[in-house]
Amino acid sequence: MAETPQPSAALPAPPKSMDEIMSLCKRRGFVFQASEIYGGINGFWDYGPLGAQLKKNLRDAWWDDVVMMPCWGRKGPTGDAVRTVPLDSCIIQNPKVWVASGHVAGFNDPMVDDKETKQRFRADHLQGLFGLLQQDTHGLARLVPTGGYIDGRTPVATVVASSQHEAFDLLSGDRKLQKAAGYSNLRYSSQSQMNETGGVHVFFEFRGQDAEGYVYGVDPEVMRNSPEQVPSPFTGKPGGLTAPRQFNLMFKTYIGATATEDDIAYLRPETAQGIFIHFKNVVDTTRVRIPFGIAQTGKAFRNEVTPRNFTFRSREFEQMEIEFFCHESEAMAWYAFWRDWRMEWWRSIGLGGGNLILREHERDELAHYSKATSDIEYRFPFTAPGYGELEGIAYRGCYDLQQHQEHSRVRLDYFDTERGEIGPNGQPKGERYLPHVIEPSAGLDRGVLALLCEAFTPDPARPSGVVMKFHPRVAPIKAAVFPLVNKDGMPEVADRLAADLSKRFARRGFIESDAKQSIGKRYARMDEAGCPFCFTVDGDSLTAHTVTVRDRDTLSQERIAIDKVCDYVGERLGEG
RNA sequence: GCGGGCGUAGCUCAGUGGUAGAGCAUCACGUUGCCAACGUGAGGGUCGAGGGUUCAAGUCCCUUCGCCCGCUCCA
């Protein structure tokens, strides 16, 4: 037979193709398009048998290392072991939760942002100051288009106001704005009504020093198509505004069968808020003391404008979030601790190498409540040479607890008996405070996608052409057992070995046994599925009680005793 | 949201108006002696969906859904 092929390590790594990765995901049952037989549904993906197990393994690894043995037993910056407790909160909560968190505000109308001042306002509240057209022989009628806006005209100045009247007041009271727009001394001239297009349109005309004009709503088409020409109401600079954007990113649903507007609820856009709203319950019931974390995994939903890049931006996705509560004075130390450990953790499950980076946010990138944020980013084939976010570690101050405290009117502060001045009895008097929060928030589906992309390794020297080099800890198939040929008692020995392996490892992943077709074909199938170890029962197995073990990554084979096989696998799965 | 491309078997694709195809994969039987061997046989398609033009549509037209790429966006 052919010689053992050598891995083509000497050759430079061929570029990874997202198409090929997606094709393999479909072919081997890692990821399917949701509702595929009905034509699919944009932004939703399902996991096939291997993908479901891969995802579970990643989630379990996170749970083990975050909840059961936090940070691998490492001590935190305060010298104590890291403590976390788990939580599992509902996808649907009282809508007030999302009002408090800021997710509901202004989400039902197209919104415009000022890029410089970061102020956001409703697009239909942008009122413009327009000069009259030079040759306006047809009068104002020609300015009246459809929809109540002045079609296609660019204002020389803008203000945010809910009515033309208010807009005129603002404009006429702001000499600086007038001057910037080339006018001065604006005053009310007349109010005309038009009904050329069936509707009544009211113009607030004005007269300035040298010109006339009118105040009217800014055409959304203009804001959308040429935002670079629209002056900002805050800075007066043209181009300072974004185009109007729909921000209804939360999925709506109705509670109860009546489905009226009063019954509206939302699918959670993040799991984090479920943790914040139970902060007090957890403190009161579990004897945790600050510093400690609450961890949760679960589905979240966002009505993304543009789902794209395979599972990277999906409308339904799973998060793995920790909210770590600590005293403000120690928050930055904990922030650095979590940031660095999370980075180590992703490396430990196989995302080492140059594709993983830690990126500290610039100051102007930070949310207003955040004092520091960093992203752990992976270089996906579709982001290369750039990176895509896997996990964000944010120092959120006490913003979230404060918001919920205000909106719910329930005190969420914490009485820390280990702080405060030492009293006459030698005991600290205690300190009452709102804890500060470090939030390591990871995307499980993005993690799975990164594992798939990282594992995907084209190798022309192999019969399969590709090998999935999953870390054994996350590999969906942990081991495979093959009889070299299907006779001479080999299948029976193989069956017994597979049964032993299953007994010990089947809770962590599949144990495959396969007696069909040539041995090479079976190895090739396991390469594509990313099975790290293949044990082959041959003639010597019957007499010497040994099998060969083939290493997926090196293709090397060694012979080990049958009764050592389970320990061999156990060691490599990280059981020590 | 805008522009471009694509959609035929599980996968990769051919098929420019006239009987739905290939390779690989899958299954069965035989063979088998460490890297997708071989032989024989089998199953698998309303050509993404809907409508239209035509004697006749996978092929031409319209609509729609999905995916990919670029811009935009990512609270």
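Convention: sequence-line order gives letters A, B, ...; per-chain numbering from 1.
A distance of about 29 Å separates the C1' atoms of B:U54 and B:G66, rounded to the whole Å. Rounded to the nearest Å, the gap between the P atom of B:U40 and that of B:A57 is 38 Å. To the nearest whole angstrom, the two P atoms, one in B:C24 and one in B:G39, are 10 Å apart. Rounded to the nearest Å, the gap between the C1' atom of B:G58 and that of B:U16 is 11 Å. Remark: the separation of the P atoms in B:C73 and B:C11 is 35 Å, to the nearest Å. Separating the C1' atom of B:A56 from that of B:G30 is a span of 47 Å, rounded to the nearest Å. Taking atom P in both B:A75 and B:G7, the straight-line distance is 35 Å, to the nearest Å. Between B:C60 and B:G15, the distance separating the two P atoms is 12 Å to the nearest Å.
Base pairing annotation: B:G3 forms a Watson-Crick or G-U wobble pair with B:C69, both donor-acceptor distances under 3.5 Å. Nucleotide B:G39 forms a Watson-Crick or G-U wobble pair with B:C29, both donor-acceptor distances falling under 3.5 Å. Using N1 to N3 plus N6-O4 or O6-N4 for Watson-Crick, or N1-O2 and O6-N3 for G-U wobble, each under 3.5 Å, B:G45 pairs with nothing. In this structure, B:G18 and B:C55 make a Watson-Crick or G-U wobble pair, each of the two defining distances being under 3.5 angstrom.
Nearer to the 5' terminus of RNA chain B, by closest-nucleotide assignment, is the contact made by A:Ala524 (compared with the other of A:Ala524 and A:Met18). Of the residues near RNA chain B, A:Glu36 and A:Trp45, the one whose nearest nucleotide (by heavy atom distance) lies more toward the 5' end is A:Glu36.
Across the protein-nucleic acid pair, A:Tyr399 atom OH and B:A75 atom C1' stand 11 Å apart, rounded to whole Å. Rounded to a whole Å, the CZ atom of A:Phe380 is 17 Å from the C1' atom of B:C68. A straight line from CD of A:Glu20 to C1' of B:U12 spans 10 Å, rounded to a whole angstrom. Note: CG (A:Leu555) to P (B:C34) measures 16 Å, nearest angstrom.
Not one side-chain nitrogen or oxygen of A:Arg302 sits closer than 4.0 Å to the OP1 or OP2 atom of B:C73. Contact annotation: A:Asn309 side-chain N/O to B:C67 OP1/OP2 distance is not under 4.0 Å. For A:Lys521, no side-chain nitrogen or oxygen approaches OP1 or OP2 of B:C34 to under 4.0 Å. At B:U31, none of the side-chain N or O atoms of A:Lys487 fall inside 4.0 Å of OP1 or OP2 (strictly under the cut-off). For B:U26, one of the phosphate oxygens OP1 or OP2 lies less than 4.0 angstrom from a side-chain nitrogen or oxygen of A:Gln517.
Checked against a 6.0 Å centroid threshold, the rings of A:Phe325 and A:Phe279 count as neighbours. Ring pair A:Phe380/A:Phe312: centre-to-centre distance below 6.0 Å. Taking the ring centroids of A:Phe310 and A:Trp45, they lie under the 6.0 Å cut-off. Between A:Tyr335 and A:Phe324, the distance from one ring center to the other does not fall under 6.0 angstrom.
Distance from the side chain of A:Thr548 is smallest to B:C34 among B:A28, B:G66, B:C34. Distance from the side chain of A:Asp538 is smallest to B:C34 among B:C34, B:A36, B:A75. Among the nucleotides B:A36, B:G33, B:C11, the one closest to the side chain of A:Lys26 is B:C11. The A:Gln33 side chain lies nearest to B:G66 when the options are B:C34, B:G66, B:A75. The side chain of A:Ser518 sits closest to B:A37 out of B:A28, B:A37, B:G33. With distances taken from any side-chain atom of A:Pro269 to the nucleotides B:C11, B:C34, B:A75, the minimum falls on B:A75. Which of B:A36, B:C34, B:C68 sits closest to the side chain of A:Arg308 comes down to B:C68. When each of B:U26, B:C67, B:C34 is scored by its nearest atom to the side-chain atoms of A:Asn42, the top-ranked nucleotide is B:C67.
At a cut-off of 3.5 angstrom, counting only N and O atoms as typed in the model, there is no donor on one side facing an acceptor on the other between the side-chain of A:Ser23 and the base of B:C11.
No donor-acceptor pair under 3.5 Å is formed between the side chain of A:Asp488 and the backbone N or O of A:Met490. Judged by distance alone, the side chain of A:Arg446 and the main-chain N or O of A:Glu389 form a donor-acceptor pair under 3.5 Å.
The pair A:Arg552-A:Asp527 fails the salt-bridge criterion, with no side-chain N (NZ, NE, NH1 or NH2) lying under 4.0 Å from an Asp/Glu carboxylate O.
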